[in-house]
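Report on the structure given below.
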Amino acid sequence: MIWEIIYIFLGIGVAFNILASIGLLRFPDVYTRLHAGTKCTTFGSIFICLAAMIYGLWKWHAGDKQMIVITIHTLFALIAILLTNPTGAHAIARAAHRSGIKPVKAVVDDLEGKNV
Amino acid sequence: MLAFIASTVFCFVMWLLLTFNGNFWQTDELVAGIVMACIAGFASRKILVKDFKLANPKRWLFILAYLPRFFYEMAKANFDVAYRVLTGRINPGIVKISPGLKSDVAITTLANSITLTPGTLSVDVDEEKNLYIHWINVKKEVLKKMPRDYKPICSNFPDWARRIGE
Amino acid sequence: MIYNLPFLTVVALIAIGMYAIIFKRNLIKIAVGITILESGVNLFLITLGYREGGVAPIFTNLPPGISPDQIPEKMVLPVPQALTLTSIVIGVAVLALILSFTINIYRKYGTLDAGKIRRLKE
Amino acid sequence: MKKLAFIAFVVFFFFLFYSAYEIRDFGNPPSNVKETFPDAKYKVTMDDRIIGKYNTTTGEWEYGAVEETGANNVVTSVVFDYRGYDTLGEATVLFTAIAGIMLLFGREKK
Amino acid sequence: MLIKTVGGYWDPIVWIVAFIVIAIIAYIIRAFGKREYKGGEQTKPFLSGVEEPSKEKVHVRASNIYWGFIEALKGYYDYMKRMHSGVVNDYVAWFVGVAAIMFVVMFAAVII
Amino acid sequence: MFEISLFEVLIILLSVFMIASAIIAIWFKDLLASVIALAVMSLLLSLYFYILHAPDVAIAEAGVGACLTTAILIITIKATKRMEGDEE
Amino acid sequence: MNVMEHLPALIIAIPLLAAFLTPLVDKISKKVRNAVVFIALAATFILTIFLVQDVFENGIMIYVMGASNPTQTIPMQAAVPIRIVLEIDGLSAFMALISVLIALIGLIYSFSHVEERGGKFYTLFLLMLVGMLGMELTGDLFNLFVFLEIASIASAALITYEFKRGSTTEAALKYIVISSIAALFVLFAIGLLYGEYDLLNMAAIAKAIKITGLSNIDMIALILFFAAFAMKAGAAPMHMWMPDAYGEAPGAVSMVLIAVTQASLYALLRVCFTIYADSLHVVIPAAIIIFGLISIFIGVTMALIQDDIKRLIAYAAVAEVGYILLAIGVGLYGVLNNEVELYARKALQGGIFHIFNDILDIGLLFLVAGGIIYITKERNLNKLGGLAHSMKYTSILFLIGLAAVAGLPPMNGFASKIMIYESVYKVSPILSIVAILASIIMLAIFVKIFHSVFTGPKISEQKDVPKLMLASMIILAALIIFFGLFPDIIINNIVNPAVNALIENAAYISNVMG
Amino acid sequence: MNPFMITLVLVLLSIAIAIIRVLLGPTVPDRVVGLDTINTLVIASMILFGVAKKEIIYIDVAIVYALLSYITTLFIAKYLQGGKL
Amino acid sequence: MKNEEMNEGKMTVIVQTIAALLFPLALIFSFYVIMHGHLTPGGGFQGGAIGASAVVLLIVAYGVKHVEEKMSEGGFSVFESLGGLIFVVVAIFGLFLATSFLANFLVNEPIFGKIPGWGESPLNSGGILPILNIAVGMKVIGGLSAVVLILALISREGEEK
């Protein structure tokens, strides 16, 4: 049962990670690539972390007391990813816009004309 | 002083989490933790703690309540991106929204949430705390009026952010 | 069984770094080359220390399935890791110094081209 | 001139690749010193001596890092105990580099 | 005082004694000369009647001192100046070159 | 036939990636891109250390290679100029 | 606690402690800082003399860092040393003595004019000494690498002391790039040896190579060591960094840089004579001889056309390194061919003695040149002139230095050079002829430099150099004359133990490995 | 076969694709996106390897990366957006 | 975001808030790595590098000027010298109290002596290793922060000219 959950979680994680990479290749400009690179990797990594946490909790429950450390430390990594990834994406997007990269095929650009 | 105590407590909790190894903490672990948390708290007292809004337990409850909703949106976002990756159908644009948030925490929460949710990516924030959002699938009806309606872009996240941060 | 592939990687890294140092004229490129060269040497030391099927030489929370009496055969070698630690910190110190020299040279000479930075010759 | 340098480069790295080919197999460090020192009394190498040996009958460490330094992390005990002098030197390297940068850029505070 | 070399020995004290003796002899020989010939008009150089130029004018500058020698070895010096290019890449290239030659020579010598 | 384990697949992949990113790092004319490739290489180097069971070194390489080296390189590029080449 | 027993550790620890203390004390008072630095260096000097005396009387000294018994190299249940072993034999003691002596003289010289950013300057000065001493006292290969880096970084930083001239930074950059690459290849070679034998101790590796024979890996490591250390020692054609670095550094630093170079030379000797000793192929001594010849030739001929006073002296320093390499190569050749008593011992005596003379002579020239530059703010020989009118003492000291470098009797340079000429003649007369010819050209060079700096009409009124500067130069000149007049004392008491340590490497191994 | 190891190899494959983006990316921001993606993937693979080998203490390395890899991104972003340091 | 703020080198509010949150986290993690150097992977250098990275994070998020007002490079270098001094003094203590330079004179006994009621604990083991870890940690935090700070200041100074 537990193993199945872990399998599923790992599968989702890997699927989204690979999807992120493919999106990174296929999308036309930096903003859309950021969509893929940020959302999908974050989501995939969350599932991978969840699988690891579930594994740790299960082992801990099964009597291996120190395995709880995996859960807690993975939680730390997860929080750090959740905090940093979107912020990093925001910083890159802003920098890209300031360095003069226009969004491809944009229908509207409210930032344009705003004095920098 | 209060700021110092608050940041010290934050650091100490982090230390306790980091050093937990299945058993109760040893005494010297705790003592070392207090000393180290004092140093780290002293170093970060001015930048970490600007106000004490987040010390209110009600806000913690809001955060907890917010997480599942956020997670659901995120899952949706990923399937959305998956769809766009596979089909390549995009209709992007940068739109400005005015959520009317004042505090840094709130705007940060909102921006990060927006980045992780369907089809949107926060690009810039100006001094009036208006967000500029790269939207991968711009809907026609939003473009009509100038103070944009944020409902179709980021549903009711600004309200949640207001509850958490303001 | 991978035959010596990591060692070949190491020499390839060293060769790439040396290539940058010898054939690239930009000072920052030379600094990048030195960094790559140093990474290669660090990797070399670590690969020397690897033992097949070993675990990290740390006794806290050893993974299950290792009984203490077979420990020396089950752990990777600790000395190369210590050497590599030393080498990494030395590397960052040298890099910082080289880059500060580079900044100063750029201010005095107005160029980063090693071919033009030759007031001292003959 | 550049061509000559390139030939020298190729020759040099030919020999280094040869050394990478010739060196011991990946993952198989020497496990005893009998081959190198046939007259040695004990047959453990430097690293195995540092890692230590556990005596199952007495339940104690006969020798090694845990017994000699009391630290669980063997790498740290190598860094700070067995090769502590290197670490001192390395800290000095950092100090030297920073003093050098300060010499170059530091401002005299009056 | 005395150090043995492969073929003989070297003793600075003996050398100094000899030096002093020779110096004294030289001084004595000089002392035989007539007093009025020292100094004055006698010691000035005679340049075909042309007046001696001032010291500043005839002082030979450093870069002119061994002009002939350097001119004679012009080819060598041109090569050397090209070799000392002052480019840091070349310095490293020399290291690699020397190491490569040493590799080749060493392995060739060992195989032979 | 070759018997190959997952661990060896990992090592092969990482070796290839590292050499690739190192070549990228010295190939780019844009120094900023070159620094990014260097950061990637340092990241993979750290992963390499990690799977060769040297977590101590991996942490050191993470702290130094991922953050500080890149930081000082970018500061230097900012203080000097970005493109490698003859223009000026 | 017996101080005598802990001397090797204290000699490193005291300057290191002072180096860490200097930035703190510098914030309080400049005078206290100078006192701290001077006391630390003087204490190191005294301790070094004790150490040297002890080593010369009682043979090799062993110190195991951090062990429960500092003289027990091989701990319980082990076959090889596992801790860092400091091993001081005659050669190490000799080199340590030189380094500390030169550093002390350089410090006295620096006190006269280094005020601005002095805290950092003296810190780096002490660290440079620490680096040299560490390289010379250690018996561990990786430790050698670490201290090599300390010495290189400290000297590179010190070269930039006059950072207002951009060329100092250029020289420092070249120096640091060269040093770090050399050091990285040294580290690679250490890795190769470690991979082969799982050892880091020099004596243990020497014994292992002796037992198992020279493998191909060992040979590659040898060449890498050889090329890297030869580059750091300034052997032509890898000498190009030397004129840059020596020429741009402040006077005292140039002098101490020679000692750093000699420390690399020491490492080269250690690798050739101790680690690889008997399994060495005859190609290596031949290579050393060839490098020596090229260095001599390039050094003197390039010095002839220089216009910058310090660069000129720096090229002369290249030639002096060439003499040392020539002598050592011949000595190594003799040792390998079992012709020790015939000529090898004399050649090595000459070479080792010439190490000392090189530092003293070239060091004196650098100090005087530094003084001239300090007074006149001018480095170009074409614009200098007539300084003997106002700087009488300096010109006399410079003359002494010139005579010593050119090898005029009865200066010390002649004593060592004649030993080198005669022993080199036994191997091949051509070598000897080249060496003597180069010596003549050297004399010509110094006629040029003396002529253009000191003689001629007075250009401008200058005062003489500061007193402390003069004092340090006088110490050096006195040493030069003393060594020239009584070379037997030096050779019998100081050089011979070093030569014995080179020739008999078995003692070095057996002291560690039992 | 350990599921975590298999996942790890697959994650490494997606790192390969991200490296291609770093190689191709026409502008620097594109490359930074690749770097950012590789960062996250490396953190994930570190966690996977630690769990696969049951090495509890290895997760620390992943935390370090998660905390620090962000700084590189910020530095490059700061360079690109112009303005002073 | 105003032009003046850009010139101060600040990044957006979002980045700043996250940096403010990550700074204590990184700092406490660096202390954890330093203090547990003899138990888990890590030690003085690693922890020091992480701590220095925390300072670098502040530099990049808030601008050099802002950081330099709070912590000057002189302070960092004093910190660093202190770390070095502690290292050498402990090493010399080994010479006086035990047998040789750098000897582990506290091995098999707790650092601060046996305090009744504390029992056996891993954190308090390892002899002088934790002390040396802390010394090296101080040194590396001070040193690397000072390097980045100086280089950043110099770069900024060059831009202002």
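Chain letters run A, B, ... following the sequence lines, proteins first, then strands; residues in each count from 1.
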Please flag which part of [X] lies under 4.5 Å from any non-hydrogen atom of chain D: side chain, backbone, both or neither.
X: G:L124; result: side chain
X: G:M513; result: side chain
X: G:F20; result: both

For the student: nearest non-hydrogen atoms of [X] and [Y], plus distance:
X: D:L103; Y: G:A157; result: CD2-O, 3.2 Å
X: D:Y42; Y: G:A79; result: O-CB, 3.2 Å
X: G:I220; Y: D:F15; result: CD1-O, 3.6 Å
X: G:P23; Y: D:F95; result: CG-CZ, 3.8 Å

Separation between [atom1] of [X] and [atom2] of [Y], rounded to the nearest 0.5 Å:
X: D:T36; Y: G:I209; atom1: OG1; atom2: CD1; result: 11.5 Å
X: D:K41; Y: G:M76; atom1: NZ; atom2: CE; result: 7.5 Å
X: G:D198; Y: D:D47; atom1: CG; atom2: CG; result: 4.5 Å
X: D:T96; Y: G:L126; atom1: OG1; atom2: CG; result: 11.0 Å
X: D:D86; Y: G:I84; atom1: CG; atom2: CD1; result: 3.5 Å
X: G:D218; Y: D:S19; atom1: CG; atom2: OG; result: 11.5 Å

Which atoms of [X] are under 4.5 Å from chain G, going by heavy atoms: the side chain, the backbone, both sets, or neither?
X: D:L88; result: side chain
X: D:V93; result: both
X: D:P30; result: both

Is the shortest heavy-atom distance from the side chain of [X] to the side chain of [Y] under 4.5 Å?
X: G:L200; Y: D:R83; answer: yes
X: G:R83; Y: D:D81; answer: yes
X: D:T92; Y: G:L127; answer: yes

- Message: Under a 3.5 Å threshold, yes or no: a donor from one side chain and an acceptor from the other, between G:N143 and D:Y85?
- Response: no
- Query: Side chains of D:Y21 and G:N216: donor-acceptor distance under 3.5 Å anywhere?
  - Reply: no
I need the residue from [options] with the largest number of non-hydrogen atom pairs under 4.5 Å to chain D.
options: G:Q77, G:K120, G:K210; value: G:Q77
options: G:N201, G:I12, G:T169; value: G:I12
options: G:T138, G:I223, G:L16; value: G:L16
options: G:P75, G:A78, G:A9; value: G:A78

- Item | Worked check of side-chain contact (heavy atoms from CB on, under 4.5 Å) between G:V80 and D:T45 | CA-CA 7 Å; G:V80 288; D:T45 59; over 6 Å; no
- Message: For G:Q72, is the CD atom crowded, meaning more than 12 foreign heavy atoms sit under 6.0 Å from it?
- Response: yes
- Does NZ in D:K2 sit with more than 12 non-hydrogen atoms of other residues, nucleotides or ligands closer than 6.0 Å? no
- Message: Apply side-chain contact (heavy atoms from CB on, under 4.5 Å) to residues D:M46 and G:Y194 and explain how you reach the verdict.
- Response: CA-CA 10 Å; D:M46 177 167 74; G:Y194 178 82; 3.7 Å; yes
- Distance flag, aromatic centroids of G:Y197 and D:F37, threshold under 6.0 Å: no
- Message: Please tell me whether D:F12 and G:F185 form a close aromatic pair, meaning their ring centres lie under 6.0 Å apart.
- Response: yes
- Please determine, among D:L104, D:N32, D:L94, D:L16, the option with the most heavy-atom pairs under 4.5 Å with chain G. D:L104
